[in-house]
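One-based numbering along the sequence shown.
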Amino acid sequence: MAKYTELAEDILAHVGGSENVSGLRHCVTRLRFNLKDESLADTEYLQQRDGVVTVVKAGGQYQVVIGNQVPDVYDEVVKVGHLPVGGNTADTEETTAPQGNWFDRFIDVVSNLFQPILGALAAAGILKGITAILAATGMPKNDSVYIVMTAIGDGLFQYLPILLAVTAANKFKMNVYTALAIAGALVYPGLPQLLASAKPFMGLTIQLPTGGYYSTVLPIILAIYVASKIERFMKRHTHDNVKMFFVPMVTIFVTLWLTFLVVGPIANIASDGVGAFFVAIYNMSPILYGFAMGAGWQILVMFGLHWGIVPLIITQIATMGYSPLMAAAALPNFTQTGVLTGVLVKTKEKKVKTGIIPTIISSIFGVTEPAIYGYSLPMKTPFIVSIISSGIVGAYLGYFKVLTYINGGLGIFMYPSYIGPNGNLTGVMHMIIGTILAIVLGFVGMMFVKVPKLYDKSVPAVATSGDQGTSAQVELQSETIKSPLAGKAVALADVADEVFASGAMGQGIAIDPSQGEIVAPTAGEVKILFPTKHAIGFVTENGAELLIHIGMNTVELNGQHFTAHVAQGDHVQAGQKLVSFDVAAIQAAGYPVVTPVIVTNSPQYVAIETTDAPTVTTASDLIFLKK
């Protein structure tokens with residue numbers, strides 16, 4: 001049983017069970033439930049329950065205040081309650097939009113869709129490796145054990161679009177079963193072959209990517225995103241009497257025809273272009289080709305564009321007996337092995353250390369989906385290091401013009417594919433050297449860069465009033481904290497949120513701002529900037545841990561009207577601008593802007609006093625801490 005399993009089960013049971021939950025999110029300090037019937041919740045019990053600070057009913061939400069353990073408790077509640085990750089179970093258009101540029105948003109979406117299935121992916125990858133071991137030890141491929149093991153290992157990857165349809169449906173807030181119907185059509189058995197021999201209808205030819213949509217990622221994500229928009233539109237414009245069947249019928253029909261008529265041809269054109277491009281580069285310079293192919297292979301696979309290369313490789317082996325195109329694309333899985341091992345060594349996140357081990361094992365067997373989508377791509381830096389390392393290894397193999405002679409295994413089982421005529425082992429030797437180089441370059445590369453946080457970046461590590469330690473690696477000292485914003489001083493007890501008003505999160509004071517600007521009250525570190533930018537965790541150089549929470553329930557604005565001027569982990573000087581916000585717009589949206597400034601490690605101090613001045617500026621002394 002996980003650390004918070006019992007607490008999560010108890011909370012869920014006393015809010016009326018998972019069937020009473022229509023939505024669940026969390027912010028800095030609390031679980032925010034949307035309940036179908038609040039009368040079913042046992043508030044009195046939860047308020048007395050160990051692990052729960054208090055319960056607040058506000059803004060149509062049933063808020064269970066936890067403290068800085070809230071992300072772990074949230075994860076466990078989602079798990080034991082079988083609730084969708086990060087969103088409402090109710091049909092609603094409200095979503096938390098990813099922040100950042102288009103690339104950041106793309107990574108956010110893709111990595112979120114893979115998180116729920118990472119365990120299964122890693123397990124299937126290891127099972128594929130075991131199957132390869134069986135073949136390597138002499139088991140015939142027509143043996144029933146080998147056939148069943150192949151199905152066990154390959155089944156998930158072949159029908160990956162079906163799993164992604166489920167996670168994408170939850171992400172984009174659409175009916176899961178409608179999404180599954182769309183995915184089922186995309187991976188219909190034998191569809192590519194059937195369409196290839198089919199007669200055009202009224203001049204209409206349907207083209208699928210080479211190999212169809214098996215094992216693909218982006219087509220199903222795009223299809224479900226489009227389907228969610230169509231479904232939402234149809235629900236608004238369909239009579240209730242026929243909505244049950246008419247909405248999914250139109251959604252499935254329109255989405256699939258758009259996918260077959262638009263996505264397929266575009267993928268084919270792009271794949272053909274990719275194939276011609278890389279062949280031209282190889283003819284010009286094998287070294288340049290090796291670098292480009294090694295560096296680009298993982299990206300090509302993500303977009304399904306590797307099908308522009310794979311058929312050429314198969315054709316060359318069949319007609320010439322060898323292919324010069326494959327070697328450079330064969331080792332990026334080992335650069336993933338290297339970078340993930342580097343992450344394992346350097347990361348401080350226990351959840352990453354635990355989860356990353358099976359993905360490393362999978363990468364050794366040539367299965368990189370768990371590694372890429374679960375860790376290196378969401379973290380970005382490991383993915384970049386892997387790309388660069390793969391390019392260098394590819395250039396090495398291109399320089400020696402390593403040839404592939406058979407379509408063989410992946411990962412550690414690929415080496416027989418490089419045994420030349422008459423048993424020549426030169427190609428095998430270069431592939432072994434390339435493997436070592438790939439792992440070393442990936443690992444060493446990660447030693448020279450910062451390993452980003454994967455799980456801890458969304459919620460600040462603020463202490464509750466019961467915590468006795470400080471996250472700052474300094475000796476705690478007495479100090480005076482300047483005000484991080486200008487405005488009217490408000491006693492914490494007068495704040496219209498009983499969690500802050502009661503001092504449950506720590507002692508402090510609040511400011512009713514006269515202008516929308518938060519500055520660093522002293523030199524220190526931005527421990528975290530909440531994704532919605534409404535809350536900042538800040539640690540001073542003398543060890544004080546502060547939570548600056550802009551307004552009440554402003555997490556619901558999803559970052560609207562807030563602008564961040566720093567990033568998590570930044571070291572800042574006193575007076576440096578941290579966040580700006582539009583006071584008038586926030587108030588017009590119906591949210592108070594009174595901003596608590598809380599010392600979350602209050603128990604560490606002998607005395608904490610606040611200013612008695614009616615108004616403050618950023619030059620004013622606000623909180624006095626005595627150690």
Side-chain angles (χ1 to χ4, degrees), residues 98-115 117-118 121-122 125 160 164 215-218 221 291-306 328-347 349 351-353 355-395 410-411 434-435 437-458 567-569:
Q99 304 297 316
N101 57 41
W102 69 268
F103 182 66
D104 291 334
R105 295 196 295 271
F106 167 76
I107 291 176
D108 176 82
V109 169
V110 173
S111 60
N112 283 344
L113 297 186
F114 272 87
Q115 284 294 330
I117 61 174
L118 276 182
L121 280 174
L160 184 59
L164 291 177
S215 305
T216 57
V217 172
L218 294 181
I221 295 175
F291 181 85
M293 177 56 71
W297 181 252
Q298 297 172 84
I299 299 173
L300 292 176
V301 171
M302 284 174 55
F303 285 89
L305 297 178
H306 63 300
L331 297 179
N333 62 291
F334 287 114
T335 64
Q336 287 289 334
T337 304
V339 297
L340 292 187
T341 304
V343 171
L344 177 65
V345 170
K346 292 187 69 176
T347 186
E349 295 183 275
K351 192 171 180 179
V352 171
K353 283 184 177 293
I356 208 169
I357 294 174
T359 67
I360 293 174
I361 297 172
S362 293
S363 69
I364 293 171
F365 292 140
V367 180
T368 56
E369 284 89 346
I372 293 174
Y373 296 115
Y375 296 95
S376 64
L377 184 62
M379 288 181 167
K380 297 181 187 175
T381 303
F383 191 64
I384 294 170
V385 172
S386 175
I387 287 174
I388 296 172
S389 301
S390 297
I392 296 171
V393 174
L410 300 173
T435 299
L437 187 61
I439 295 173
V440 171
L441 285 174
F443 180 82
V444 172
M446 289 307 303
M447 294 299 103
F448 285 93
V449 297
K450 182 179 180 181
V451 174
K453 290 184 178 180
L454 183 61
Y455 296 106
D456 294 345
K457 62 187 177 183
S458 60
Q568 178 181 318

Student check: side-chain heavy atoms of Phe443 and Val345 closer than 4.5 Å: yes
Who passes side chain to side chain contact (heavy atoms under 4.5 Å, CB included) against [X], sequence neighbours left out?
X	result
Thr347	Val343, Glu349, Val352, Lys353, Val451
Ile357	Leu344, Ile361
Leu441	Ser389, Ile392, Val393, Leu437

Lys346 side chain to Met446 backbone, donor-acceptor under 3.5 Å: yes
Short side-chain to backbone donor-acceptor contact, Tyr375 and Gly355, under 3.5 Å: yes
Less than 3.5 Å apart, which donor and acceptor atoms pair up between the side chains of residues 292-302 and the rest of the protein, not counting sequence neighbours?
residue: Gln298; atom: OE1; partner: Gln336; partner atom: NE2; Å: 2.7
residue: Gln298; atom: OE1; partner: Ser386; partner atom: OG; Å: 3.4
residue: Gln298; atom: NE2; partner: Ser386; partner atom: OG; Å: 3.1

Spacing of OG1 belonging to Thr381 relative to CZ belonging to Phe448, to within rounding of 0.5 Å: 15.5 Å
Nearest-0.5 Å distance that lies between atom CG in Leu331 and atom OG in Ser390: 8.0 Å
Under the side chain to side chain donor-acceptor pair (under 3.5 Å) test, residues paired with Thr359 that sit two or more places apart: none
Residues that Thr435 engages under side chain to side chain donor-acceptor pair (under 3.5 Å), provided they are two or more places apart: Tyr415
Trace of the side chain to side chain contact (heavy atoms under 4.5 Å, CB included) decision for Thr341 with Ile360: CA-CA 7 Å; Thr341 304; Ile360 293 174; 4.0 Å; yes
Closest contact, heavy atoms only, Val385 versus Gly442: CG1-O, 3.8 Å
Donor + acceptor pair across side chains of Ser363, Thr368 (<3.5 Å): no
